[in-house]
2 protein chains.
Amino acid sequence: MTTPRNARTAAPAVGAAEPSAKPVERGIPEATVARLPVYLRALTGLSDTGVDTCSSEELAAAAGVNSAKLRKDLSYLGSYGTRGVGYDVEYLRYQIAREIGVTQDWPVVIVGIGNLGHALANYSGFSSRGFRIVALLDADPRRQGEDVGGLGIRPFEEIERLVEEHHVAIGVIATPAVAAQHVCDRLVAAGVTSILNFAPAVLTVPHGVDVRKVDLSIELQILAYHEQRKALADPGSDAVPDALPSGLAPLAADGVVSR
Amino acid sequence: MTTPRNARTAAPAVGAAEPSAKPVERGIPEATVARLPVYLRALTGLSDTGVDTCSSEELAAAAGVNSAKLRKDLSYLGSYGTRGVGYDVEYLRYQIAREIGVTQDWPVVIVGIGNLGHALANYSGFSSRGFRIVALLDADPRRQGEDVGGLGIRPFEEIERLVEEHHVAIGVIATPAVAAQHVCDRLVAAGVTSILNFAPAVLTVPHGVDVRKVDLSIELQILAYHEQRKALADPGSDAVPDALPSGLAPLAADGVVSR
DNA sequence: CGCGGTTTGTTCTCCCGTTCACAAACTCCT
DNA sequence: AGGAGTTTGTGAACGGGAGAACAAACCGCG
């Protein structure tokens with residue numbers, strides 16, 4: 001059952017007594033955590049349009065999920081709804097924001113100010129959610145000093161100083177792939193414990209450091225897979241040779257025909 | 001021959017649509033599809049460094065996954081390895097590429113050429129994987145005509161013509177959130193059946209259309225959640241378990257405890 | 001004050017994905 | 001040729017999440 005925070009389950013005793021050994025806390029399921037920001041966004045949207053109360057059905061529609069799933073997700077946070085009525089938009093919004101941590105201020109550094117880094121530095125969605133970009137770093141001297149969104153690009157060497165000075169816990173990597181691991185190491189050494197990686201590279205980090213990756217081309221490739229599948233299954237469509245680019249793979253063509 | 005992959009029962013197939021997974025699709029599991037591009041990238045890396053054969057252990061390390069998981073994933077494609085030896089890098093690379101569909105050419109349009117759109121238009125990772133950007137669209141007349149990566153920005157109204165002319169199946173939305181649904185509708189009406197959405201909005205699409213979303217701020221929020229968790233669990237930190245950090249509102253978390 | 005209508009919170013079941021463990025298959029060495 | 005050593009491919013156990021269904025709780029009304 002994963003004992004919710006203020007769990008006062010009838011059967012105390014037991015369980016959690018284990019000392020440190022447990023690395024992961026039994027908190028909110030990962031899948032739920034990933035959806036909370038979506039709910040938060042949906043609630044903000046409702047709030048902006050003057051709605052002050054909503055049912056799980058309405059909120060689920062706004063967030064694009066199943067209402068049962070939504071209710072179960074919210075139940076991990078606590079009982080913030082009222083049966084027969086629904087949820088108070090502002091109240092729930094605050095509760096989710098608090099649970100995620102966006103009620104506090106998160107200083108962030110971005111490393112690698114190329115095209116993507118520029119876009120990230122100018123992205124308004126960060127600041128409106130408690131993420132404050134405190135430094136932009138780049139190894140290329142030609143970029144240093146340039147002003148991006150009111151912030152100057154600093155030399156990469158200043159990374160330790162800047163991270164410490166601003167108490168940065170979250171770093172964003174938007175460098176080319178070859179530089180990513182080195183940048184990551186420096187960030188971690190400087191004290192960063194959460195990394196958002198846009199470089200197409202696998203990062204290895206010490207225990208206790210979280211990494212999330214966003215790979216633009218991977219998303220497109222996933223779409224391409226399904227697109228290919230659709231084309232193969234739909235005979236009505238033109239295009240797409242049902243005979244895949246032959247030439248190579250003698251046994252491949254044979255193995256794939258779905259017969 | 002141990003009956004290789006005749007696990008392919010004739011499938012009603014049909015592309016999954018919408019966020020929730022469609023259990024149909026007798027093909028490769030969604031989770032595996034999402035990892036295939038990672039394996040592809042890892043294989044390309046190995047190939048570039050002159051490696052021509054690798055074991056599942058090595059490839060798994062390069063891709064950042066468990067070797068058992070890797071083998072199981074690959075087994076959905078077929079038996080492309082050699083027991084006691086490993087995998088031929090070039091051969092496996094081609095097989096994965098073919099399965100994903102990146103051996104063919106995928107024309108792509110990008111709608112919304114702001115900061116992020118610029119970055120996407122210039123991203124080299126697309127073209128190197130079979131994705132060819134054939135048009136950039138923006139509704140803002142001031143942007144139209146501007147040259148980005150060798151391509152001119154076209155008025156949004158030309159969307160139907162361009163999609164048809166280039167047989168575009170994949171569209172990328174990088175507009176502000178308010179415009180996203182409208183752009184999506186126009187794309188779908190024009191014939192696009194796969195959409196990559198960068199706008200922070202929930203898109204509703206007809207059955208048969210795939211949508212994947214990338215939300216930059218959501219990723220940061222997920223990191224923030226874990227970061228907050230780490231801070232709470234860390235005894236060296238200021239906060240004590242059970243007590244929420246610093247100046248967060250009294251919130252009545254205690255006062256609200258049901259009953 | 002009780003009753004009907006409404007909506008939440010939770011339980012239960014099913015399914016997908018991960019991981020383990022091992023037989024099958026291949027190479028190399030004697 | 002045969003045996004020892006590797007490594008793949010996969011059957012099976014396991015854990016977690018998704019969805020349906022329902023009891024508990026709340027409101028409004030007569």
Side-chain angles (χ1 to χ4, degrees), chain A residues 1-11 22 24-36 38-39 53-61 63-89 91-92 95 255, chain B residues 1-8 16 18-36 38-39 53-61 63-89 91-92 95 256-259:
Chain A
M1 75 148 58
T2 64
T3 60
R5 186 148 343 256
N6 43 14
R8 89 191 77 59
T9 43
K22 271 292 191 165
V24 256
E25 4 244 341
R26 57 287 167 59
I28 301 175
E30 237 350 88
T32 296
V33 172
R35 281 187 295 266
L36 289 180
V38 179
Y39 303 154
T53 296
C54 70
S55 67
S56 65
E57 203 72 47
E58 294 169 299
L59 181 53
V65 301
N66 186 306
S67 70
K69 194 191 298 191
L70 175 96
R71 287 199 301 277
K72 183 181 261 188
D73 283 342
L74 295 183
S75 77
Y76 289 116
L77 310 188
S79 290
Y80 295 138
T82 305
R83 300 180 180 204
V85 178
Y87 300 94
D88 181 284
V89 171
Y91 181 59
L92 182 58
Q95 293 303 333
Chain B
M1 272 308 176
T2 67
T3 69
R5 86 205 64 45
N6 44 10
R8 281 175 199 283
E18 282 295 345
S20 47
K22 273 286 166 59
V24 225
E25 284 256 21
R26 222 60 195 54
I28 300 176
E30 217 20 63
T32 296
V33 171
R35 282 187 295 264
L36 288 180
V38 180
Y39 302 155
T53 296
C54 70
S55 67
S56 64
E57 203 72 47
E58 292 169 302
L59 181 53
V65 301
N66 186 306
S67 70
K69 194 190 297 189
L70 174 100
R71 287 199 302 275
K72 172 144 277 193
D73 283 341
L74 294 184
S75 75
Y76 289 115
L77 309 189
S79 290
Y80 295 138
T82 306
R83 298 179 183 211
V85 178
Y87 300 93
D88 181 285
V89 172
Y91 181 59
L92 182 59
Q95 294 303 334
V256 162
V257 263
S258 51
R259 191 223 297 277

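Residue numbers begin at 1 in each chain, while the letters A, B, ... track the order of the sequences.
Scanning both residues, Ala63(B) and Tyr39(B), for their nearest heavy atoms gives CB-CD2, 3.7 Å.
Below the 3.5 angstrom threshold, one finds no donor paired with an acceptor across the side chain of Lys72(B) and the base of dG17(C).
Put simply, CD on Glu57(A) is 13 Å from P on dG19(D), counting in whole angstrom units. Taking atom CG on Leu59(A) and atom C1' on dT8(C), their separation rounds to 13 Å, with Å as the unit. For the pair Ile28(A) CD1 and dG17(D) P, the computed distance is 12 Å after rounding to whole Å. dT10(D) atom P lies 11 Å from atom CG of Leu77(B), rounded to whole Å. Rounded to whole angstrom, the span from the CG atom of Leu74(B) across to the C1' atom of dT7(D) amounts to 13 Å. Note: CG (Asp73(A)) to C1' (dG16(D)) measures 13 Å, nearest angstrom. Protein atom CG of Leu70(B) is 14 Å distant from nucleotide atom C1' of dT19(C), rounded to whole Å.
To the nearest 0.5 Å, atoms CD1 (Ile28(B)) and CZ (Arg35(B)) are separated by 11.5 Å. Here Cys54(B) contributes atom SG and Leu92(B) contributes atom CG; the two are 7.0 Å apart, rounded to the nearest 0.5 Å.
Distances shown here put every side-chain N or O of Tyr76(B) at or beyond 4.0 Å from the OP1 or OP2 atom of dC16(C). Applying the 4.0 Å criterion to OP1 and OP2 of dT7(C), one finds that Ser56(A) has every side-chain N and O outside that range. Phosphate proximity of dT7(D) to Ser55(B): absent, as no side-chain N or O sits under 4.0 Å from OP1 or OP2. Contact annotation: Tyr87(A) reaches the phosphate of dG9(C) (side-chain N/O to OP1 or OP2, under 4.0 Å).
Nearer to the 5' terminus of DNA chain C, by closest-nucleotide assignment, is the contact made by Arg71(A) (compared with the other of Arg71(B) and Arg71(A)). Residue order along DNA chain D, read from the 5' end via each residue's closest nucleotide, puts Asn66(A) first among Asn66(A) and Arg83(A).
Note on Glu30(A): only backbone sugar-phosphate atoms sit closer than 4.0 angstrom, heavy atoms only; bases stay farther off.
The listed nucleotides are dG17(D), dC27(D), dA21(D); the one nearest the side chain of Ala31(A) is dG17(D). Counting only heavy atoms from C-beta on, Lys69(A) has its side chain closest to dG19(D) among dT18(C), dC26(C), dG19(D).
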Candidate pair Leu36(B) and Leu77(B), rule side-chain contact (heavy atoms from CB on, under 4.5 Å), full reasoning: CA-CA 10 Å; Leu36(B) 288 180; Leu77(B) 309 189; 4.1 Å; yes
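Using a 4.5 Å heavy-atom cutoff, the side chains of Val65(B) and Val38(B) are not in contact.
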